[in-house]
Amino acid sequence: MQAIVMTGTGGPEVLVAREVPEPQAGAGEVVIRSEAIPVLFPETRLRSGEFPLGAPPPLVFGFQAAGVVTEVGSQVDPGLIGQRVVAATKGFGAYAEFVAASADSLTFIPDRLSAVDAAAVLMNGSVAIPLLETAALSGVETVLVEAAATGIGSALTQLAKEYGAARVVATAGGPAKAEQARKLGADVVIDHNDPAWTTRLREILGGATVDVVFDAIGGASAAELLDVMTPPRGRMLGYGWLSGAPAQVSASDLITRGLTFTGCAGPDWLARVAEAGSTVLARAAEGGLTSLVEAVLPLDQASRAHRLLEDRTPLGKIVLRPESGVS
Ligand SMILES: NC(=O)c1ccc[n+]([C@@H]2O[C@H](COP(=O)([O-])OP(=O)(O)OC[C@H]3O[C@@H](n4cnc5c(N)ncnc54)[C@H](OP(=O)(O)O)[C@@H]3O)[C@@H](O)[C@H]2O)c1
């Protein structure tokens, strides 16, 4: 079968299309024939070596694939064969025509949702929902959603008011993304490509404060935001560091301002993310959450897809489609 092999850590060119043996379903596993493979932002960091991969390359790359179950291993219900699902791997194996994954990792795709849309929306919504639940918004609060036009930020922007936000302030890079964030439901959008964007935020707030920050950028801007947050209920939920560094926020920064910081990562967090999956796909099928798809590219263009994501041009997910997954 065709697969994308990560030959080492480095630039997008380390992702190479190769013929490899098809996987077999081990105990507790299924194999799916993949139709739609989402290119996820954290995968670019795994490929570059910034995040640990868990196994040494060369290996078949990729986290998630949507498709049809073709094989089940021992201790797995044979009734799963033929079901449309999104499978989550343990961190590698998904950029391929056939993908082995734990049967426990499957999220079933509702009839009215395409494999491409399921692949594009699952991660975004599944992280956004536990973030919104953790925020426990009161109905009168202002939230700040960073990188709001795409990915998890796009799902936060779409769902925030339903989960109790009164006002959604967003950041996005450049006019096209600002426009998209507005269309998704942001009341105000600030361009985070402006190095002084936190000062601009303060001007826009005009003395008002932000109750909840969904922090995807991390780094120095996270610390600058503390002075526009509402004491004592102001809470920052840190779930990413797009800037390249985690939020530069210390305990004393928080204590002296009466604020809280919640880290939203790690195994228990990821269990909550996995639990949200079926709700997300049901919502997407019913029109309650929009899948944003930038492009569907042939599987062998995985390196191009990573390059595009790192250039920050896409306005939605790039989804890879194996030749055998074209129906
Ligand atoms: N904790 C979790 O459970 C979890 C799960 C998945 C992902 N994540 C993390 O969440 C963050 C967002 O991931 P995603 O999948 O939602 O990404 P995404 O929106 O699909 O893609 C990244 C977006 O971030 C923006 N960006 C890139 N570099 C940036 C920078 N230096 N400063 C500000 N914005 C930047 C770009 O938008 P602009 O062009 O508008 O700047 C780009 O559209 C990442 O840090 C990722 O690792 C966390």
Side-chain angles (χ1 to χ4, degrees), residues 38-48 50-52 63-64 88 91 119-134 144-159 170-184 186 189-195 197-198 201 213-222 224-225 236-248 261-277 280 289 291-295 305-319:
V39 178
L40 304 169
F41 186 87
E43 290 175 338
T44 64
R45 300 302 200 238
L46 286 164
R47 190 217 67 231
S48 72
E50 188 186 323
F51 291 173
F63 262 90
Q64 287 184 346
V121 80
L122 183 63
M123 173 73 88
N124 299 346
S126 301
V127 179
I129 286 179
L131 282 169
L132 289 161
E133 287 171 351
T134 304
L144 177 70
V145 178
E146 296 174 352
T150 58
I152 298 158
S154 71
L156 286 168
T157 306
Q158 290 180 69
L159 298 174
T171 81
K177 287 193 176 167
E179 180 56 23
Q180 177 151 298
R182 244 177 243 113
K183 283 193 183 140
L184 293 173
V189 187
I190 299 164
D191 188 339
H192 60 215
N193 288 340
D194 175 356
W197 72 265
T198 56
L201 170 66
V213 174
F214 296 105
D215 181 44
I217 297 178
S221 63
E224 291 163 15
L225 291 172
M236 182 175 284
L237 278 60
Y239 71 94
W241 51 84
L242 290 162
S243 62
Q248 306 293 298
F261 183 97
T262 303
C264 299
D268 290 350
W269 175 260
L270 291 177
R272 289 181 65 190
V273 170
E275 261 170 44
V280 170
L289 186 61
S291 293
L292 302 170
V293 179
E294 168 76 9
H306 274 235
R307 207 164 279 122
L308 289 168
L309 192 48
E310 289 178 326
D311 286 347
R312 297 166 67 167
T313 50
L315 287 164
K317 277 282 181 276
I318 298 177
V319 175

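Indexing begins at 1, ligand by ligand and atom by atom, following the structure's order. Computed from a predicted model, the values in this text were never measured in an experiment.
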Chemist: Just distances here: any N/O of H192 and N/O of ligand 1 closer than 3.5 Å?
Modeler: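 Between H192 and ligand 1 (N or O atoms, distance only) the closest approach is under 3.5 Å.
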Chemist: What protein heavy atom sits nearest atom 9 (C) of ligand 1, and how far off is it?
Modeler: Y239 O, 3.6 Å
Chemist: Please work out whether any backbone atom (N, CA, C, O) or any side-chain heavy atom from C-beta onward of C264 is under 4.0 Å from ligand 1, and answer side chain, backbone, both or neither.
Modeler: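 It is the backbone that gets close, since no side chain atom is under 4.0 Å.
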Chemist: Check if A149 has a non-hydrogen atom at a distance under 4.0 Å from any atom of ligand 1.
Modeler: no
Chemist: Any side-chain heavy atom of L289 within less than 4.5 Å of one from V280?
Modeler: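 L289 vs V280: side chains touch.
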Chemist: Going from CD1 on I318 to CZ on R307, what distance comes out if it is rounded to the nearest 0.5 angstrom?
Modeler: 11.5 Å
Chemist: Between V127 and ligand 1, find which residue part has any heavy-atom pair under 4.0 Å and reply side chain, backbone, both or neither.
Modeler: side chain
Chemist: What protein heavy atom is closest to atom 35 (C) of ligand 1, reported as residue, atom name and distance in Å?
Modeler: R312 NH2, 3.4 Å
Chemist: Is R272 salt-bridged to E275, cutoff N-O under 4.0 Å?
Modeler: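 No, no charged N to carboxylate O under 4.0 Å.
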Chemist: Give the residue, atom name and distance (to 0.1 Å) of the protein heavy atom nearest atom 47 (O) of ligand 1.
Modeler: P42 CG, 3.7 Å
Chemist: Who's the nearest protein heavy-atom neighbour of atom 21 (O) of ligand 1, and how far?
Modeler: F41 CD1, 3.7 Å
Chemist: Examine the proximity of ligand 1 to K177 and report which part, side chain or backbone, both or neither, has a heavy atom under 4.0 Å away.
Modeler: side chain
Chemist: About how many Å separate CD1 of I190 and CD of E146, when rounded to the nearest 0.5 Å?
Modeler: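 Answer rounded to 0.5 Å: 10.0 Å.
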Chemist: Considering only heavy atoms, does W241 approach ligand 1 within less than 4.0 Å through its side chain, its backbone, both, or neither?
Modeler: backbone
Chemist: How far is atom 40 (O) of ligand 1 from its nearest protein heavy atom, and which residue and atom name does that atom have?
Modeler: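 Answer, as residue, atom name and distance: G173 N, 2.6 Å.
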Chemist: Check whether Q64 reaches the backbone of A88 with its side chain - one donor and one acceptor, N or O, closer than 3.5 Å.
Modeler: no
Chemist: Just jot down the ligand 1 atoms closer than 4.0 angstrom to any heavy atom of I152, in number order.
Modeler: 5 (C), 6 (C), 7 (C), 8 (N), 10 (O), 16 (O)
Chemist: Mark up the atoms of ligand 1 that fall under 4.0 Å of a heavy atom belonging to S243, in ascending order.
Modeler: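 Numbered from 1, ligand 1 contributes 31 (N).
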Chemist: Check if I217 has a non-hydrogen atom at a distance under 4.0 Å from any atom of ligand 1.
Modeler: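 Yes.
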Chemist: Closest by any non-hydrogen atom to atom 19 (O) of ligand 1: pick that one out of T150, L40, L242.
Modeler: T150
Chemist: Students should be able to answer this: which protein heavy-atom is nearest to atom 3 (O) of ligand 1, and at what distance?
Modeler: W269 NE1, 3.0 Å
Chemist: Which residue holds the protein heavy atom closest to atom 20 (O) of ligand 1, what is that atom called, and what is the gap in Å?
Modeler: G151 CA, 3.7 Å
Chemist: Using a 4.0 Å cutoff against the non-hydrogen atoms of A172, which atoms of ligand 1 qualify?
Modeler: 40 (O)
Chemist: Looking at CH2 of W241 and CD1 of I217, how far apart are the two atoms once the value is rounded to the nearest 0.5 Å?
Modeler: 14.5 Å
Chemist: Quick check: does any side chain N or O of T171 sit under 3.5 Å from a backbone N or O of A147, one acting as donor and the other as acceptor?
Modeler: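 Yes: the side chain of T171 pairs with the backbone of A147.
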